[in-house]
2 protein chains.
Amino acid sequence: MAEAEAQHARAASLAHRVPDLAALELLLAVARLGSLGAAAREVGITQPAASSRIRSMERQLGVALVDRSPRGSRLTDAGALVTDWARRVVEAAAAFDAGARALRDRRDSRLRVAASMTIAEYLLPGWLLALHAERPDTAVSLLAGNSTKVAELLLSGEADLGFVEGLTVPSGLDATVIARDRLIVVTAPGHPWARRRRTLAARELAETPLILRERGSGTRQVLDAALGGLARPLIELSSTTAVKASAVSGAGPSVLSELVVGEELAMRRLVSIPVEGVSLQRELRAVWPTGHRPTGPARELLSLTRG
Amino acid sequence: MAEAEAQHARAASLAHRVPDLAALELLLAVARLGSLGAAAREVGITQPAASSRIRSMERQLGVALVDRSPRGSRLTDAGALVTDWARRVVEAAAAFDAGARALRDRRDSRLRVAASMTIAEYLLPGWLLALHAERPDTAVSLLAGNSTKVAELLLSGEADLGFVEGLTVPSGLDATVIARDRLIVVTAPGHPWARRRRTLAARELAETPLILRERGSGTRQVLDAALGGLARPLIELSSTTAVKASAVSGAGPSVLSELVVGEELAMRRLVSIPVEGVSLQRELRAVWPTGHRPTGPARELLSLTRG
DNA sequence: ATGAGGGCATAAGCTGGTCTTATGAGCGAG
DNA sequence: CTCGCTCATAAGACCAGCTTATGCCCTCAT
């Protein structure tokens with residue numbers, strides 16, 4: 001439903017109401033450098049082009065963004081706010097780019113990473129951005145699949161470094177824990193659980209039908225193990241995104257990684273329900289073939305993930 | 001530094017490597033509808049245009065995104081991953097749009113909202129999206145400022161509903177708590193604190209110079225109160241974004257709302273340091289002039305924020 | 001079997017936006 | 001007073017992406 005309505009709201013298309021990425025980057029440059037001309041130089045266009053671009057952006061948004069003066073340009077109050085929203089769009093685009101770049105360099109690249117879906121979707125783009133910042137020349141490729149697939153790719157030499165999120169380490173691989181991820185119970189804000197005062201007991205959770213990923217997914221494994229194999233599905237969906245959308249629309253409670261619902265929680269499209277009597281932690285691990293300690297770029301990436 | 005390097009990495013400009021918003025929306029439509037033609041119809045272009053757009057996107061990314069067949073198109077594995085990254089970009093753009101729209105409708109609009117900076121930046125766009133989904137015709141305007149400014153706007157009748165994040169409710173206003181926000185201590189992953197095993201004592205926190213917002217900001221108030229006015233600044237910056245950037249670059253530890261660092265924590269550009277012996281909770285409140293209970297769209301918005 | 005319908009691809013031509021170059025004008029510092 | 005920085009405006013070139021008009025492929029129903 002949230003999906004459908006977002007769709008509808010978007011009828012006259014976002015792209016017509018939101019400036020394009022180049023314009024947003026230009027705005028960020030103006031904010032940072034304090035001058036249209038300097039910003040233009042940075043993004044590699046001429047000053048008049050920058051001037052016109054900013055102006056048409058202001059026309060499009062119906063708000064003055066910068067105060068122009070003969071000695072530079074500063075953001076207006078509204079401009080500062082818009083710039084922060086723009087920054088979020090640009091950051092998402094940078095993550096997109098980092099991911100896509102890794103996907104493109106599939107063959108013959110220097111560092112081939114295999115990762116489980118959740119990690120590939122939510123964490124890797126950020127790591128790749130950081131890696132790219134430190135070692136701009138490293139070409140990284142990305143293969144995504146479940147734990148078994150990751151293990152296969154590593155053992156067959158088709159990948160150099162893997163990331164898995166299951167409970168166990170596939171045999172033949174060495175691993176190190178790089179982060180702990182907590183699964184949390186979430187509902188739409190309208191759900192009765194969102195109003196309860198007492199924390200939820202594990203038994204209640206086990207008895208309630210939930211919106212879940214399919215059996216065999218990393219998330220489902222952890223939940224089943226924590227509840228003793230009892231998790232009762234209300235709906236089973238095959239992608240994290242679909243589960244989220246379903247939960248947001250109010251179809252029922254769900255259990256998801258806190259990694260993937262950060263935005264939804266902040267925006268209060270979902271609320272987190274405290275649970276007691278059950279440990280929903282899981283480890284995220286970097287893995288590699290036993291004996292083949294990561295070296296070079298793989299080692300670099302690994303150190304970035306652990307900080 | 002992260003800033004500067006992102007800059008550098010972006011030299012050949014993101015906009016040239018990331019498809020524009022229209023293309024990303026089209027991709028999402030294809031994913032959802034399973035056909036290029038249907039997706040084209042939904043976004044209001046012809047089928048050949050959609051075909052060409054997707055194709056040039058595949059060329060740009062160097063990856064096949066959809067499997068075309070005479071009976072429809074499905075995403076490839078890589079396409080599914082790319083679509084999820086695209087979705088995040090589009091969501092950020094939708095938040096941008098919701099915010100910008102509210103900023104534009106400054107005058108003569110039906111619902112005028114005044115909010116503190118943090119709330120305006122991180123929460124309001126999401127709420128406005130939700131409000132727009134339920135009441136597409138409501139024009140909302142947004143004014144941002146600190147608590148005092150919000151109070152003024154409400155009392156002078158220039159705003160209908162306010163949101164503040166301080167410890168106290170400005171006099172003359174009624175309030176209701178809509179959410180609890182936790183301040184958390186964060187450092188770059190490389191900082192020594194990121195490796196400590198013991199939780200941090202309040203005294204240690206008070207004795208360590210921190211990267212902070214300026215005195216008078218909501219965040220700083222809460223921290224000063226919690227530590228007994230002792231917070232020691234390493235650097236004082238005037239925007240949350242600047243504080244974040246500084247912390248990410250490793251300049252030192254900082255204390256920030258968990259709202260604003262969700263992404264950074266997920267991407268492990270920052271890590272959270274547990275603290276004991278000090279309560280860093282703060283309430284986010286909706287406020288209105290005493291006696292003037294919110295009605296109509298204001299009431300609607302309020303109910304969305306509380307779920 | 002055979003035609004209708006939905007799916008996608010290709011080709012040709014037009015349109016519009018956005019860039020560049022060239023120039024002018026305001027303000028401040030030496 | 002003039003140099004150097006800022007921004008604005010004007011005119012023309014260019015290119016990306018759209019539409020319209022086709023054609024082929026496959027499936028399903030008659």
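Naming convention: chains lettered A, B, ... in sequence-line order (proteins, then strands); numbering from 1 in each chain.
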TODO: Looking at every strand, decide which applies to B:Ser73 at a 4.0 Å heavy-atom threshold: base, sugar-phosphate, or nothing.
DONE: sugar-phosphate

Open item on the list: Counting only heavy atoms from other residues, nucleotides and ligands, does the tally under 6.0 Å from NZ of B:Lys244 exceed 12?
Closed with: yes

Open item on the list: Taking the minimum atom-to-atom distance to the side chain of B:Pro48, which one of C:dA11, C:dT21, C:dC8 wins?
Closed with: C:dA11

Open item on the list: Measuring from atom CG of A:Asp97 to atom CZ of A:Arg104, what distance do you get when rounded to the nearest 0.5 angstrom?
Closed with: 7.0 Å

TODO: Flag yes if more than 12 heavy atoms outside B:Asp77 fall under 6.0 Å of its CG atom; otherwise flag no.
DONE: no

TODO: Search all heavy atoms of B:Ala40 against all heavy atoms of B:Leu26 and return the closest pair with its distance.
DONE: N-CD1, 4.2 Å

Open item on the list: Does C:dA9 have OP1 or OP2 under 4.0 Å away from a side-chain N or O of B:Arg68?
Closed with: yes

Task: From C:dT20, C:dC8, C:dA9, nucleotide with atom closest to B:Ser51 side chain - done: C:dA9

Task: OP1 or OP2 of D:dT19 under 4.0 Å from side-chain N/O of B:Thr46 - done: yes

Task: Spacing between B:His16 atom NE2 and D:dC15 atom P, to the nearest angstrom - done: 14 Å

- [ ] Return the value, rounded to whole Å, for the distance between atom CG of B:Asp67 and atom P of C:dC8.
- [x] 12 Å

TODO: Round to the nearest Å and state the distance from B:Ile45 atom CD1 to C:dC8 atom P.
DONE: 12 Å

Open item on the list: Between C1' on C:dT18 and CZ on A:Arg59, what's the gap in Å once rounded to a whole number?
Closed with: 12 Å

- [ ] Tell me which of A:Arg41 and B:Pro70 sits closer to the 5' end of DNA chain D, going by the nucleotide each one is nearest to.
- [x] A:Arg41

- [ ] Nearest 0.5 Å please: distance from the CG atom of A:Leu65 over to the OG atom of A:Ser73.
- [x] 11.0 Å

TODO: Would you mind classifying the nucleic acid contact of A:Ser69 as base, sugar-phosphate or nothing, using non-hydrogen atoms under 4.0 angstrom?
DONE: sugar-phosphate

Open item on the list: OP1 or OP2 of C:dG5 versus the side-chain N and O atoms of B:Arg71: is any pair under 4.0 Å?
Closed with: no

Task: B:Leu26 CG to D:dG17 P, straight-line distance once rounded to whole Å - done: 12 Å

TODO: May I have the distance from A:Leu36 (atom CG) to D:dT9 (atom P), rounded to whole angstrom?
DONE: 12 Å

- [ ] Report yes if at least one side-chain N or O of B:Ser35 is closer than 4.0 Å to OP1 or OP2 of C:dC8; otherwise report no.
- [x] yes

- [ ] Kindly say if B:Ser52 contacts the phosphate of C:dT10, meaning a side-chain N or O under 4.0 Å from OP1 or OP2.
- [x] no

Task: Spacing of A:Gln47 atom CD relative to C:dA22 atom P, expressed in whole Å - done: 15 Å

TODO: Consider the side chain of B:Arg55, meaning its heavy atoms from C-beta on, and name the nucleotide among C:dA9, D:dT27, D:dT19 that approaches it most closely.
DONE: C:dA9

TODO: Whole angstrom is fine here: how far is it from CD1 in B:Ile54 over to C1' in D:dC18?
DONE: 15 Å

